[in-house]
Protein chains: 2
Amino acid sequence: MVPTAQMTSEALSQKLADSGLRNTPQREIIYSILTKKRDHPTADEVFARVKAEMPTISLATVYNCLEALVQCNLVRQVNFERGPTRYCPNLHPHAHFHDETTGSTYDIDLPPGLLEQLKSQLPVGYQASDVEITFRGHAAS
Amino acid sequence: MVPTAQMTSEALSQKLADSGLRNTPQREIIYSILTKKRDHPTADEVFARVKAEMPTISLATVYNCLEALVQCNLVRQVNFERGPTRYCPNLHPHAHFHDETTGSTYDIDLPPGLLEQLKSQLPVGYQASDVEITFRGHAAS
DNA sequence: GTGATAATTAGAATAATTCTAACAAAATAG
DNA sequence: CTATTTTGTTAGAATTATTCTAATTATCAC
């Protein structure tokens, strides 16, 4: 996987401000946790990780901060079969692969134009703003 | 949409038996409700519809029966962004389109081989048994 | 600094689903 | 065909993930 550059505190603040939101220590830590280990953690898992650095944080704040990061397009929510929502800081269009044995989620890069190609195959009158592709199976690696 | 032939009571019983399950009046009514109006109802919506015909049925039974129909591969579960699970008797491989304005879900037929083509593009070591494609947007019709 | 606005927090509330235990129906054994 | 076992249904409690509420705290604009 290509390591993505860490966003500066200022860039994060700017992104938040663009959506009318403020930066806070909680939001910053949570965003850094998501970029540090891109394993699609749930809110509970994020809560556990952030508590190590900021023991007084509450689960409600974790949910609120994650929502703020989703609002300002720094993080995407990933859902799989009514399991808890997972959070993904990979903003490039990509699909997800769900390993049925381990429960792990992997990002899958898609050939450029594939999503547009899929959208173009919709029947007349269907205008898709987004396409979500999820693979389910077993990953060898 | 292509109207699909109604399955006979015997065929339903056979399908259930194949998975070691019995047929019951509840399972039969619920399956008929799903095939009658293929609008991807939630368990609650199925409950409301079945109560018209069988007022004494319980919501737990609706969940149990839907699960039985899923077990014997007569019905598929469809999930969208942590909303309640929806039930779909369309067994042909297909995608779903979620209308953001109405909340309706539509089946989208896919060109034959497209799912296999997608699976073949996975990195080495990723073996997908299933691919799920969900479009989100606005349907004109 | 002061008032307004926004964010955090703890705990209560909610929604969808699953579990539990009791009862009923159906299949199987004697 | 009756007894026994198995399976299915039911009502209500429990669970899980998430959201809401109200109080407190922090930050911003002046």
Side-chain angles (χ1 to χ4, degrees), chain A residues 9-10 12-31 33 40-48 50-51 53-72 74-87 103 105, chain B residues 9-10 12-31 33 40-48 50-51 53-72 74-87 103 105:
Chain A
S9 176
E10 291 71 36
L12 174 60
S13 294
Q14 187 52 57
K15 265 290 204 182
L16 283 160
D18 290 348
S19 300
L21 300 164
R22 296 180 188 158
N23 194 7
T24 67
Q26 289 86 346
R27 288 174 181 174
E28 208 153 309
I29 289 186
I30 286 173
Y31 183 63
I33 278 167
H40 305 82
T42 64
D44 260 324
E45 287 165 348
V46 172
F47 183 44
V50 71
K51 265 199 295 196
E53 299 180 51
M54 187 184 263
T56 61
I57 200 168
S58 74
L59 179 57
T61 298
V62 172
Y63 273 104
N64 291 342
C65 291
L66 288 169
E67 178 59 23
L69 294 170
V70 168
Q71 283 305 305
C72 71
L74 282 172
V75 167
R76 284 176 48 186
Q77 295 184 308
V78 179
N79 288 104
F80 187 66
E81 280 176 6
R82 273 203 71 78
T85 298
R86 295 171 173 281
Y87 296 86
T105 304
Chain B
S9 176
E10 290 73 35
L12 175 60
S13 294
Q14 186 53 57
K15 263 292 204 179
L16 284 161
D18 290 349
S19 301
L21 300 165
R22 296 177 189 163
N23 194 6
T24 67
Q26 289 87 346
R27 288 172 182 177
E28 207 153 308
I29 289 186
I30 285 173
Y31 183 63
I33 277 167
H40 305 82
T42 64
D44 260 324
E45 287 164 350
V46 172
F47 183 44
V50 71
K51 264 199 293 195
E53 300 179 50
M54 187 184 262
T56 61
I57 200 169
S58 74
L59 178 57
T61 299
V62 171
Y63 273 105
N64 291 341
C65 291
L66 288 169
E67 178 58 25
L69 294 170
V70 168
Q71 283 304 305
C72 71
L74 281 172
V75 167
R76 284 177 48 188
Q77 295 184 308
V78 179
N79 287 106
F80 187 67
E81 280 176 5
R82 273 202 72 80
T85 299
R86 297 172 173 279
Y87 295 86
T105 304

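Below, all heavy atoms of this structure are taken into account, side chains as well, without hydrogens, waters or symmetry copies. Letters A, B, ... are given to chains in the order of the sequence lines, protein chains preceding strands, and every chain is numbered from 1.
At a threshold of 4.0 angstrom between heavy atoms, the contacts of B/Thr61 include nucleobase atoms, whether or not backbone atoms are also involved. Residue contacts for B/Thr42: at a heavy-atom cut-off of 4.0 Å it reaches no nucleic acid atom on any strand shown.
Between A/Pro41 and A/Val46 the shortest heavy-atom distance is CG-CG2, 3.7 Å. A/Gln26 approaches A/Ile57 most closely through the heavy-atom pair CG-CD1, 3.7 Å. Across A/Thr42 and A/Tyr87, no two heavy atoms sit closer than the pair C-CD1, 4.5 Å. Smallest separation of non-hydrogen atoms from A/Ser58 and A/Phe47: C-CE1, 3.5 Å.
The CD-P distance, from A/Gln71 to C/dA6, rounds to 14 Å in whole Å. Remark: C1' of C/dT8 and NZ of A/Lys51 are 16 Å apart, rounded to the nearest angstrom. Following rounding to the nearest Å, B/Leu66 (CG) and C/dA16 (P) show an atom-to-atom distance of 15 Å. What separates OH of B/Tyr63 from P of C/dT17 is a distance of 4 Å, to the nearest Å. In this structure, B/Gln77 places its CD atom 12 Å from C1' of C/dA16, rounding to the nearest Å. Nucleotide C/dT5 holds its C1' atom 13 Å from the CG atom of A/Leu21, rounded to whole Å. For the pair B/Asn23 CG and C/dA26 P, the interatomic distance rounds to 11 Å; values are reported in whole Å. Between the P atom of C/dA6 and the CD atom of A/Glu67 lies a distance of 16 Å, rounded to the nearest Å.
For B/Ala60 and B/Pro25, each mapped to the nucleotide of DNA chain C holding its nearest heavy atom, the one lying further toward the 5' end belongs to B/Ala60. Residues B/Arg22 and B/Arg86 both approach DNA chain C. Their nearest nucleotides, taken by heavy-atom distance, put B/Arg86 toward the 5′ side. Sequence order on DNA chain D of the closest nucleotides to A/Thr85 and B/Arg27 puts B/Arg27 first from the 5' end.
A search for salt bridge (charged side-chain N to carboxylate O under 4.0 Å, His left out) contacts involving A/Glu53 returns A/Lys36, not counting sequence neighbours.
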Checking side-chain hydrogen bond (donor to acceptor under 3.5 Å, both in side chains) for the pair B/Gln71/B/Glu67: CA distance, chi angles, key distance, verdict? CA-CA 6 Å; B/Gln71 283 304 305; B/Glu67 178 58 25; 2.7 Å; yes
Trace of the side-chain contact (heavy atoms from CB on, under 4.5 Å) decision for B/His40 with B/Arg76: CA-CA 10 Å; B/His40 305 82; B/Arg76 284 177 48 188; over 6 Å; no
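Checking the phosphate oxygens (OP1, OP2) of C/dA16, no side-chain nitrogen or oxygen of B/Arg82 falls inside 4.0 Å.
When DNA chain D is scanned in the 5' to 3' direction for atoms under 4.0 Å from non-hydrogen atoms of chain A, the outermost contacting nucleotides are D/dA17 to D/dC28.
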